[in-house]
Every structure is written in structure tokens, then in C-alpha cells.
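Numbering of residues begins at 1 and proceeds along the displayed sequence.
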Amino acid sequence: MEANVNIVPCSSIAHVAALLRTEAELYVVHDRNVAQIAEEVASELPSVKRVIAIETSEALKTMVTVQGIVRQLLEGGATRGALLLAIGGGITTDLAGFAAAIYKRGIRWAALPTTLVGQVDAAIGGKTGANLCGYKNMVGAFHMPEATYIVPSALEGLPERELRAGVAEMLKTFLIGNGAAYKEAVTGAKLPLFAHEAAKIKGLIVAEDPFEHGKRALLNLGHTFGHAIEHRAQKCGHDILHGEAVAMGIIMAAKVSEVEGLAEKGLANSLEADFRAAGLPTESPYPIEELAQAMALDKKAGGGKVKFILLEAPGKPFIKEMTVEKAIDDLRKYSE
């Protein structure tokens with residue numbers, strides 16, 4: 001089964017508003033940090049019935065926030081024909097998309113991502129959800145946005161650290177789907193061009209496998225380890241961004257790949273040097289044993305094993321089912 005993944009390059013916020021003028025019933029959910037963009041959209045569109053501001057963090061990415069969005073849709077009189085526009089980073093699009101999926105058993109939604117992570121990854125493909133008990137995206141739904149509007153100017157003012165976190169997801173996509181582009185993109189040069197290419201690669205993978213029964217799982221490269229790092233960071237009150245955790249997770253996956261004999265020796269060191277050059281962290285601050293529980297509860301786990309995404313080389317990923325214990329043992333052996 002294939003799906004329509006509609007990635008729409010736009011020249012400005014006004015361009016997005018122009019594309020939405022035919023909508024009769026619009027609701028906007030936005031991260032408070034991008035209130036100006038939400039206000040600009042709403043001022044251009046008289047069909048906006050309500051603008052819903054939310055606070056965003058991994059700690060607040062919960063069903064409580066989702067319920068708050070749904071309650072405002074209900075109080076605002078949103079019908080089954082409404083369109084919910086999510087403006088913000090990946091947390092915002094995940095939460096708003098999930099609210100759209102469950103309100104009245106599903107209404108339409110669209111995304112206007114304002115972070116690089118959102119533009120190359122999080123807002124594309126219809127994975128929506130919230131965290132539960134500190135574990136990443138344990139509740140959610142596949143609910144494809146009608147469109148993901150990519151506006152380069154929406155990234156203006158984004159902190160350098162947030163941009164680098166987006167670069168991590170961009171590099172992940174190239175490690176999966178375009179080994180030739182990986183080496184060029186690792187320097188961060190031509191960022192808009194490479195961001196567009198990464199978004200296109202993800203869109204093609206999602207269109208082929210929208211419900212992650214096969215190839216789409218490759219997009220989780222670095223995420224089993226990365227989500228466990230995020231869980232630990234939240235528990236300890238540490239500040240680690242999603243893209244930073246994914247960067248660390250990719251290096252860990254490369255190390256496992258080497259120990260398993262699936263990649264040539266030196267892959268992890270090579271990727272580590274590339275990531276450091278891009279300003280990304282490469283070493284988890286937590287002992288691998290502390291990540292085990294979160295890894296075992298990974299959404300991709302089943303039958304006592306987890307689907308780890310490993311690498312033979314840039315552009316050559318593969319799926320290997322392993323126990324968490326085996327992955328931990330491989331990482332110990334790599335360090336010996």
C-alpha cells in the first residue's frame with residue numbers, strides 16, 4: 001500500500017496562507033515560541049476559528065497536552081470538516097497530529113514545521129504521538145498530514161544548537177538513502193539544498209511503506225539508542241535534544257555493526273569524526289547498562305528482540321533483530 005506524502009516547498013508564510021485560503025474551517029496549534037508566525041497566518045486567513053498555543057518540551061509531550069488541544073477544538077466548535085494546522089517543531093506536530101487523529105475519530109491536519117528537525121524528518125510521514133511515563137511516543141497513531149509546508153524563512157532565528165540537531169536527522173537520512181550526498185552534507189554547506197533532498201528521501205520511503213511494515217523502519221537509524229538516551233536525560237533532568245540523542249545513537253549503531261561483522265572496521269570512528277566536524281555530540285553520557293530498560297520497551301521490540309537499524313556503510317542500512325543484551329554486549333566488546 002502506498003500513501004500520498006505531500007511536501008510543499010513555500011517561499012514565505014504568506015505563500016502558505018495563500019494555499020490555505022480555500023479552507024472554510026481552520027484551527028491553528030502552535031508552539032508559544034513561534035507565536036509571531038501563527039499570528040501572521042491567522043491575520044491572513046479569516047477562516048481561522050481558534051489559535052491554540054502550547055508549551056513544548058519532552059516532559060510536556062503528554063496526553064494532558066493532547067487532551068488540552070482536543071478540548072479547545074471541542075469548545076471552538078470544530079467539525080469533522082475542519083483542518084488543524086500545526087506550527088512548530090517536532091513536538092508540536094506530533095501532538096497536534098495526534099489530536100487531529102483522535103478528535104471525532106479523525107480530522108484533517110497539516111504541518112508548518114519551524115525547526116530543521118521538523119522540516120527534514122518529524123513533520124513528514126504521519127507519525128503522531130505523545131510520551132508516556134517518560135518513554136518516547138508510546139501512544140500515537142499513523143495519521144498523514146494533508147501537506148507539510150516547507151518554508152526556509154521559518155528557520156530564521158533558530159538557535160545554532162537547534163539547527164545542528166536538525167543536521168543530525170538530515171545526515172541520518174543520507175546514511176540511509178544517499179551515501180554520496182552524506183559526505184557533502186556533513187559539512188553543513190548548502191543547508192537548504194540538502195534539507196530539501198533529505199525531506200524528499202524520507203517522503204519517498206514513507207510513501208512506499210506508510211505504516212512501517214518494512215522499509216520505513218530504516219528511518220529509525222540511531223533511534224533505539226537515541227530514545228533511551230532521551231528517556232535517561234529526562235529522568236535525570238539533563239538537557240539533550242532529540243537530534244543530539246540520535247547522533248549519539250547512530251555512532252552506537254555503527255559500533256554494533258562493526259562487532260557483528262556487518263561493517264568494516266573504522267566505520268564508527270569515521271562517522272564520529274564527521275559528526276564532530278558538524279558540531280554534534282557523539283558519546284552518550286550514560287553507561288549503556290542504564291539505557292537497557294528503555295531499549296527493551298522500544299516500540300520496535302517484539303518476541304524479546306528489538307529491530308536494530310545497523311549500517312554496512314553510508315547508504316547501506318539494514319535491519320537486524322537482536323536482544324538488548326546482545327547489543328549491550330557488542331558495545332562492551334567494541335570498547336575492550
> Only one of Asp274, Leu280, Ile250 forms a side chain to side chain contact (heavy atoms under 4.5 Å, CB included) with Leu171, so which one is it?
Replying inline: Leu280
> For the side chain to side chain contact (heavy atoms under 4.5 Å, CB included) test, which of Met322, Met295, Met252 pairs with Thr224?
Replying inline: Met295
What heavy-atom pair brings [X] and [Y] nearest, and what distance separates the two atoms?
X      : Y      : value
Ile124 : Ala199 : CD1-CB, 3.6 Å
Thr65  : Leu95  : CG2-CD1, 3.8 Å
Leu84  : Ala100 : CD2-CB, 4.1 Å
Ser284 : Met248 : CA-SD, 3.7 Å
Ala195 : Leu116 : CB-CD1, 3.9 Å
Glu244 : Pro281 : CB-CG, 3.6 Å

Looking only at atom types and distance, does a side-chain atom of [X] sit under 3.5 Å from a main-chain N or O of [Y], one as donor and one as acceptor?
X      : Y      : result
Lys202 : Asp121 : yes
Asn131 : Glu58  : yes
Arg108 : Gly81  : yes
Lys172 : Leu219 : yes
His223 : Leu221 : yes
Gln119 : Pro113 : yes
Glu25  : Thr79  : yes
Arg216 : Gly125 : yes
Tyr103 : Ile69  : no
Trp109 : His143 : yes

For [X] and [Y], test the side chains for any donor-to-acceptor distance below 3.5 angstrom and give the result as yes or no.
X      : Y      : result
Asn33  : Asp31  : yes
Glu312 : Ser257 : no
Ser47  : Glu23  : no
Asn220 : Glu212 : yes

> Can Arg332 and Glu289 be said to form a salt bridge (Lys or Arg N to Asp or Glu O under 4.0 Å), step by step?
Replying inline: CA-CA 10 Å; Arg332 288 198 193 103; Glu289 293 80 7; 3.1 Å; yes
With rounding to the nearest 0.5 angstrom, report the [atom1] to [atom2] distance, [X] to [Y].
X      : Y      : atom1 : atom2 : value
Met138 : Thr62  : CE    : OG1   : 15.0 Å
Leu73  : Ile102 : CG    : CD1   : 10.0 Å
Arg71  : Leu74  : CZ    : CG    : 9.0 Å

> Would you say the side chain of Tyr182 lies within less than 4.5 Å of the side chain of Leu271, judging by non-hydrogen atoms?
Replying inline: yes
> Can His30 and Glu39 be said to form a side chain to side chain donor-acceptor pair (under 3.5 Å), step by step?
Replying inline: CA-CA 10 Å; His30 71 90; Glu39 289 166 6; over 6 Å; no
Check for me, please, whether [X] and [Y] land in the same ILVMFWY cluster - side-chain distances under 4.5 Å, paths through other members count.
X      : Y      : value
Met63  : Val70  : yes
Val259 : Ile309 : no
Ile251 : Leu241 : no
Leu291 : Ile328 : yes
Phe98  : Leu60  : no

Ring pair (Phe, Tyr, Trp, His ring centres under 6.0 Å) contacts in which one or both residues fall within [range], not counting sequence neighbours:
range            : answer
residues 315-336 : none
residues 247-271 : none
residues 269-291 : His238-Tyr286

> Mind checking who shares a hydrophobic cluster with Val41, ILVMFWY linked at side-chain heavy-atom distances under 4.5 Å?
Replying inline: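 Other cluster members: Val8, Ile13, Val16, Leu19, Leu20, Leu26, Val28, Val34, Ile37, Leu45, Val48, Val51, Leu83, Leu85, Ile87, Leu112, Tyr149, Val151.
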> Does Val117 sit in a hydrophobic cluster with other residues, and if so which ones, taking ILVMFWY side chains as linked at heavy-atom separations under 4.5 Å, directly or through other members?
Replying inline: none
> Can Arg21 and Glu44 be said to form a salt bridge (Lys or Arg N to Asp or Glu O under 4.0 Å), step by step?
Replying inline: CA-CA 8 Å; Arg21 283 214 173 89; Glu44 297 263 351; 2.8 Å; yes
>> Which residue in the set Glu230, His227, Gln234, His231 passes side chain to side chain donor-acceptor pair (under 3.5 Å) when paired with Lys136?
In response: Glu230
>> Please determine whether side chain to side chain contact (heavy atoms under 4.5 Å, CB included) holds for the pair His242 and Val246, giving the CA-CA distance in whole Å, both sets of side-chain angles, and the decisive distance to 0.1 Å.
In response: CA-CA 6 Å; His242 174 70; Val246 168; 3.6 Å; yes
Which donor-acceptor pairs under 3.5 Å do side chains of residues 260-270 form with protein atoms, sequence neighbours excluded?
unit_1 : atom_1 : unit_2 : atom_2 : d
Glu260 : OE2    : Lys326 : NZ     : 2.5

>> Just checking Lys200: does its NZ atom have more than 12 heavy atoms from other residues, nucleotides or ligands closer to it than 6.0 angstrom?
In response: no
>> If you count heavy atoms of other groups shown closer than 6.0 angstrom to NZ of Lys316, is the number above 12?
In response: no
> Any salt bridge between Asp94 and Lys127, counting N to O under 4.0 Å?
Replying inline: no
>> If you apply the rule side chain to side chain contact (heavy atoms under 4.5 Å, CB included), what do you find for Ile201 with Ile176, and how did you get there?
In response: CA-CA 9 Å; Ile201 290 171; Ile176 293 163; 5.9 Å; no
